[in-house]
A.B. asks: 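Take a look at this one; I'll ask things after.
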Amino acid sequence: MRLLFIGDIVGQPGRRAVTELVPRLREQHRLDLVVANGENSAGGSGITVRTAEEIFSGGVDIITSGDHLWDQKEVVQLLEHEPRFVRPLNYPPGVPGQGSTLFESEGLPPVGILNVQGRTFMPPLDSPFQSALAEVERLGRSTRIIFVDFHAEATSEKAALARLLDGRVSALIGTHTHVQTADDQILPGGTAFLCDAGFTGPHESIIGREIEPVLRRFMTNTPQKFEVARERVRLQGAIVEIDNTTGKALSIQRVSEALGG
Ligand SMILES: [Fe+2]
Ligand SMILES: [Fe+2]
């Protein structure tokens with residue numbers, strides 16, 4: 001099977017890239033499943049019911065999230081009622097939502113989708129290592145095909161979780177930095193790995209936001225309003241080909257598609 005994972009969708013330009021490019025990518029690469037990180041899809045911060053609907057309508061099957069999860073209050077509706085929405089697993093017990101889901105469709109083996117958040121240079125959560133290991137073991141009772149979106153800042157933390165899960169999951173791809181890395185590889189146990197998928201949205205920007213206010217914030221240490229930028233929209237992520245029987249990755253290919261280019 002072939003899975004496309006899409007890095008953080010930023011604002012309206014990011015959503016437009018999804019609705020315009022995903023249908024073509026689905027056909028061109030004969031994709032079986034599309035997973036996207038949606039933590040920045042509503043005006044750059046968080047996700048709403050409407051923005052999630054727009055992303056699903058473009059052909060995304062499952063939406064994952066990250067540290068911007070709580071930026072829009074109505075996310076609770078998604079957490080409580082949307083089976084296609086996954087939040088970082090490693091919140092304490094009792095928090096609404098699910099950290100993983102099992103995607104099932106006609107003619108395909110079930111696919112486990114897991115979202116975990118890092119702790120290095122990020123808000124503290126439960127250990128992503130212990131939580132992911134336990135959840136992968138649980139999902140492994142239902143399927144051999146497991147995809148992990150590890151939402152984390154530090155490249156070392158992402159590489160470490162990938163090594164821990166090597167041979168136990170089909171692919172682990174990082175999100176959060178919004179900068180696509182060039183380290184796509186298949187680890188010795190058969191797990192495809194990419195430190196960061198990049199982001200889907202306006203690249204004439206500083207990681208998706210207008211350049212000037214971000215620069216002013218760094219230059220003056222004063223609070224600024226960060227608007228979502230507009231120009232040079234790209235969809236970024238990676239396509240992973242997975243052996244249906246063994247669950248091991250056969251290939252991983254980075255994607256960086258220009259909108260209208
Ligand atoms: Fe993030
Ligand atoms: Fe993000």
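When a ligand or atom number is given, it counts from 1 through the structure's own listing order. These figures come from a predicted structure and were not determined experimentally.
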A.B. asks: Between Arg84 and Glu53, does at least one N-O distance fall below 4.0 Å, as a salt bridge requires?
C.D. replies: yes

A.B. asks: Specify which N/O/S atom of His176 comes nearest to the Fe ion (ligand 1), by atom name.
C.D. replies: ND1

A.B. asks: What do you reckon, is CZ of Arg254 surrounded by more than 12 foreign heavy atoms closer than 6.0 Å?
C.D. replies: yes

A.B. asks: Looking at Asp8, pick out the N, O or S atom nearest to the Fe ion (ligand 2) and give its name.
C.D. replies: OD2

A.B. asks: Could Glu135 and Arg138 be called an ion pair, given the rule that one side-chain N must be under 4.0 Å from one carboxylate O?
C.D. replies: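 A salt bridge links Glu135 with Arg138.
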
A.B. asks: Please name the atom of His178, restricted to N, O or S, that is closest to the Fe ion (ligand 2).
C.D. replies: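 Nearest to the Fe ion (ligand 2) within His178's N, O and S set: NE2.
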
A.B. asks: Strictly under 2.8 Å, is any N, O or S atom of Asp67 next to the Fe ion (ligand 1)?
C.D. replies: yes

A.B. asks: Are the side chains of Pro213 and Lys225 in contact, using a 4.5 Å heavy-atom criterion?
C.D. replies: no

A.B. asks: May I ask you to check whether Asn37 brings an N, O or S atom to under 2.8 Å from the Fe ion (ligand 2)?
C.D. replies: no

A.B. asks: Using the Fe ion (ligand 1) as the apex, give the angle to atoms OE2 (Glu39) and NE2 (His151), rounded to 10 degrees.
C.D. replies: 90°

A.B. asks: Could you tell me the separation between the CG atom of Leu139 and the CD1 atom of Ile146, rounded to the nearest 0.5 Å?
C.D. replies: 5.0 Å

